[in-house]
Participant: 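Quick one: structure below, then a few questions.
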Amino acid sequence: MSLVRQLFVIGFLSLGGAFLTGMLHPDRLPLDESGLIAEGEITLQQAREIAVNGPVLWLDARTRDVWEDAHIPEAVLLNEDEWEALLPPVMDRLLLGARMPTVIVYCDSRACAASHDVAERLQEELPLVGEVYVLHGGWLAWEEATR
Amino acid sequence: MDARARNVLIWILRLGAAGLFLYAAVLKVLDPREFLTAIESFRLFPYPVALAGVYLVPWLEITAAVALLTPALRAGGVLTLLVLMLFFTGIIMVSLARGLDITCGCFGATNETNYPLKILQNSGIILLLGSIALFDLSPKARHETP
């Protein structure tokens with residue numbers, strides 16, 4: 001069999017396997033990215049709507065280096081590496097206004113778990129904190145939307 | 001090295017490479033979400049492309065690995081795996097240049113990136129496939145099927 005024909009056979013069989021896995025896998029992925037939004041997450045659009053209707057405190061759960069490099073305007077750094085030192089200023093910001101702000105935590109992208117970890121720990125340690133959400137897609141989603 | 005010893009050696013290399021890619025592919029097929037996370041950490045592909053890759057890449061690995069052990073498809077199998085490895089290594093090097101923290105997902109692992117180790121590992125696999133390709137892609141070998 002010629003090399004081209006061999007590659008065609010391999011490609012054809014792979015496409016068949018990929019198609020069947022995509023259709024039949026018990027944990028198949030959605031065709032639309034919005035179907036991947038996990039519990040406790042909101043889209044950037046939803047975050048903007050919340051910000052229009054009331055105060056929002058953005059928390060950046062990434063490392064200090066990348067936060068210093070660039071972050072969402074007025075976002076406060078809160079990561080688990082420097083938790084003890086960074087929590088007091090966050091508490092000050094939470095109690096600053098007349099109304100408790102909605103907290104929106106983000107990290108680098110959908111691939112990172114830091115925002116979920118920070119949101120969970122914040123709710124555990126500060127039970128009086130209001131609504132806490134995680135930004136779906138994180139900094140990458142913000143960067144793409146504002147590019 | 002006589003012809004018999006050479007044939008035994010090439011079969012060991014083929015079995016090793018096929019086993020390696022089948023193992024990597026099965027992990028990806030079993031956990032598509034984790035592989036999607038790994039692909040997205042490269043920040044090179046929009047969601048529809050990443051989604052296609054999640055399903056197509058492991059099946060290319062499976063089919064090519066099986067082809068590697070099938071006399072009629074051997075050359076196509078080794079060429080497909082070689083192109084895949086060069087592609088993977090290329091995007092890992094692009095990520096290194098961009099300073100990204102990738103998760104790779106190559107063998108199901110999504111730990112912190114160790115770029116030198118990852119590039120060394122891929123170079124070893126490319127060397128393995130290159131050795132097989134030298135044999136299986138040569139015009140003489142394609143007419144003899146040990």
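Bear in mind the structure is a predicted one, so any value in this text is a computation, not a measurement. Naming: A, B, ... by sequence-line order, numbering from 1 per chain. Just the heavy atoms: all of them, side chains too, but no hydrogens, waters or symmetry mates, feed the values below.
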Participant: With only heavy atoms counted, which part of B:I62 is less than 4.5 Å from chain A, the side chain, the backbone, both or neither?
Facilitator: neither
Participant: I need the residue from A:L15, A:L7, A:D27, A:D32 with the largest number of non-hydrogen atom pairs under 4.5 Å to chain B.
Facilitator: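 Most pairs with chain B among the choices: A:D27.
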Participant: Using a strict threshold of under 4.0 Å (side-chain N to carboxylate O), is an ion pair present between A:D69 and A:R64?
Facilitator: no
Participant: Please tell me whether A:L135 and A:L122 are part of a single hydrophobic cluster in this structure, the criterion being side-chain heavy atoms less than 4.5 Å apart.
Facilitator: no
Participant: Taking every non-hydrogen pair under 4.5 Å, which of A:L31, A:T21, A:L29, A:L20 racks up the most with chain B?
Facilitator: A:L29
Participant: So does A:E74 have more than 12 non-hydrogen atoms from other groups sitting under 6.0 Å from CD?
Facilitator: no
Participant: What part of A:P30 gets closer than 4.5 Å to chain B, counting heavy atoms only: side chain, backbone, both or neither?
Facilitator: both
Participant: Check whether B:L36 gets within reach of chain A through its side chain, its backbone, both or neither, counting any heavy atom under 4.5 Å.
Facilitator: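 For B:L36, side-chain heavy atoms alone lie under 4.5 Å from chain A.
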Participant: Pick one of side chain, backbone, both or neither for B:L51, based on which atoms fall under 4.5 Å of a heavy atom in chain A.
Facilitator: side chain
Participant: Please state whether the side chain, the backbone, both or neither of A:R28 comes within less than 4.5 Å of a heavy atom of chain B.
Facilitator: both
Participant: I'd like to know if B:V83 and B:V57 are part of one continuous hydrophobic network [Ile/Leu/Val/Met/Phe/Trp/Tyr, side-chain heavy atoms within less than 4.5 Å].
Facilitator: no
Participant: For the residue pair A:W58 and A:Y106, categorise the inter-ring angle as parallel (less than 30°), tilted (30 to 60°) or perpendicular (more than 60°).
Facilitator: perpendicular
Participant: Below 4.0 angstrom, N of the basic side chain to O of the carboxylate: do A:R121 and A:E84 qualify?
Facilitator: yes
